[in-house]
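Encoded as structure tokens, the structure appears first; notes follow it.
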Amino acid sequence: MEFQQLIADFAERHGIANLAAEDNAAALEVDGIVIMLVAVGDTLSISAGIGEPPSEGRAEFAELLLEANLQSEAFFAKEHESGSYILVRRLPLPALDGASFDAALEALVNLAETWRRLLADFRPVAKAAAERTEELPQFGATGFVQV
């Protein structure tokens, strides 16, 4: 399906009055997540921001994203200008119809929501382990050091 038609059909199906495609691009907000749609040739790229890198454990979180790239139809990237992490899925535009586009969009939004929560709650493993250890009493009931 042609990009302009795909966007127009989506807007009509979902009652979105002000959704328009300009220069083969469009943006919409779903569940508080801004979704960017960009058509280049026969490929549609759908992207969603998941957030800024964590203040601590950036390398550990980046490794999680790299591993996740192998387990999904979408992939993670880092925007050059903002430094934010984004989730991207590329689809063949001619193969899309309303139902397949809706399904792909919903899957991307659900995955973005999951990773946004993971990023918001992320604490490096070493720090989390140290905090758990600090909560344990130093001596057990018998007076011996707990190991």
Side-chain angles (χ1 to χ4, degrees), residues 1-138 146-147:
M1 180 179 282
E2 189 176 306
F3 182 68
Q4 300 287 345
Q5 187 64 46
L6 184 71
I7 298 304
D9 289 351
F10 179 83
E12 185 178 321
R13 275 192 319 279
H14 297 283
I16 303 171
N18 59 353
L19 180 61
E22 294 182 24
D23 298 326
N24 287 329
L28 62 120
E29 187 175 324
V30 180
D31 296 339
I33 298 173
V34 175
I35 306 296
M36 297 299 300
L37 308 162
V38 178
V40 177
D42 286 343
T43 302
L44 174 63
S45 292
I46 306 172
S47 63
I50 63 164
E52 300 290 321
S55 57
E56 293 181 41
R58 289 175 186 241
E60 292 89 345
F61 195 82
E63 265 192 52
L64 291 175
L65 295 178
L66 287 173
E67 290 171 4
N69 279 339
L70 295 174
Q71 301 168 1
S72 174
E73 294 177 347
F75 62 91
F76 294 94
K78 187 175 177 186
E79 287 185 325
H80 177 72
E81 292 174 10
S82 69
S84 295
Y85 293 129
I86 61 171
L87 181 61
V88 180
R89 183 164 181 198
R90 292 194 175 121
L91 302 165
L93 201 49
L96 289 175
D97 60 13
S100 61
F101 177 66
D102 285 1
L105 188 58
E106 181 178 2
L108 185 91
V109 168
N110 290 339
L111 191 56
E113 287 174 335
T114 298
W115 279 96
R116 280 180 160 212
R117 282 191 303 274
L118 289 171
L119 181 56
D121 296 339
F122 182 74
R123 295 186 308 170
V125 174
K127 182 179 177 188
E131 288 172 358
R132 282 192 306 272
T133 303
E134 290 170 6
E135 294 169 3
L136 296 174
Q138 289 183 347
Q146 291 185 358
V147 181

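Because the structure is a prediction, the values reported are computed rather than measured.
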> CZ of Phe101 to CG of Leu91: how many Å apart, nearest 0.5 Å?
Replying inline: 8.5 Å
> What's the shortest heavy-atom distance between Val88 and Ser47, and which atoms?
Replying inline: CG2-CB, 4.0 Å
> Which residue pairs pass the salt bridge (charged side-chain N to carboxylate O under 4.0 Å, His left out) test with at least one member in residues 61-81, sequence neighbours excluded?
Replying inline: Glu73-Arg89
> Say you draw a straight line from CG of Leu111 to CZ of Arg116; how long is it, rounded to the nearest 0.5 Å?
Replying inline: 12.0 Å
>> So, using side-chain contact (heavy atoms from CB on, under 4.5 Å) as the criterion, who are the partners of Asp121 when residues are at least two apart?
In response: none
> For the ring pair Trp115 and Tyr85, is the centre-to-centre distance below 6.0 Å?
Replying inline: no
>> For the CD atom on Glu106, are there more than 12 heavy atoms of other groups (residues, nucleotides or ligands in this structure) within a distance under 6.0 Å?
In response: no
> Which distance, rounded to the nearest 0.5 Å, do you find between the CZ of Phe61 and the CG of Leu119?
Replying inline: 4.5 Å
Tabulate below the donor-acceptor pairs under 3.5 Å that side-chain atoms of residues 20-45 make, not counting sequence neighbours, or state none.
unit_1: Ser45; atom_1: OG; unit_2: Arg90; atom_2: NE; d: 3.4

>> Show the nearest heavy-atom pair for residues Met1 and Asp9, with the distance to one decimal.
In response: CE-OD2, 3.6 Å
> What heavy-atom pair brings Glu56 and Phe122 nearest, and what distance separates the two atoms?
Replying inline: O-CE2, 3.8 Å
> What are the two closest heavy atoms between Gly83 and Pro53, and how far apart are they?
Replying inline: O-CD, 3.2 Å
> Distance from Glu12 atom CD to Ile7 atom CD1, nearest 0.5 Å?
Replying inline: 13.5 Å
>> Measuring from atom CG of Leu6 to atom CG of Leu93, what distance do you get when rounded to the nearest 0.5 angstrom?
In response: 6.5 Å
>> Return the CZ to CG distance between Phe75 and Leu65, rounded to the nearest 0.5 Å.
In response: 12.5 Å
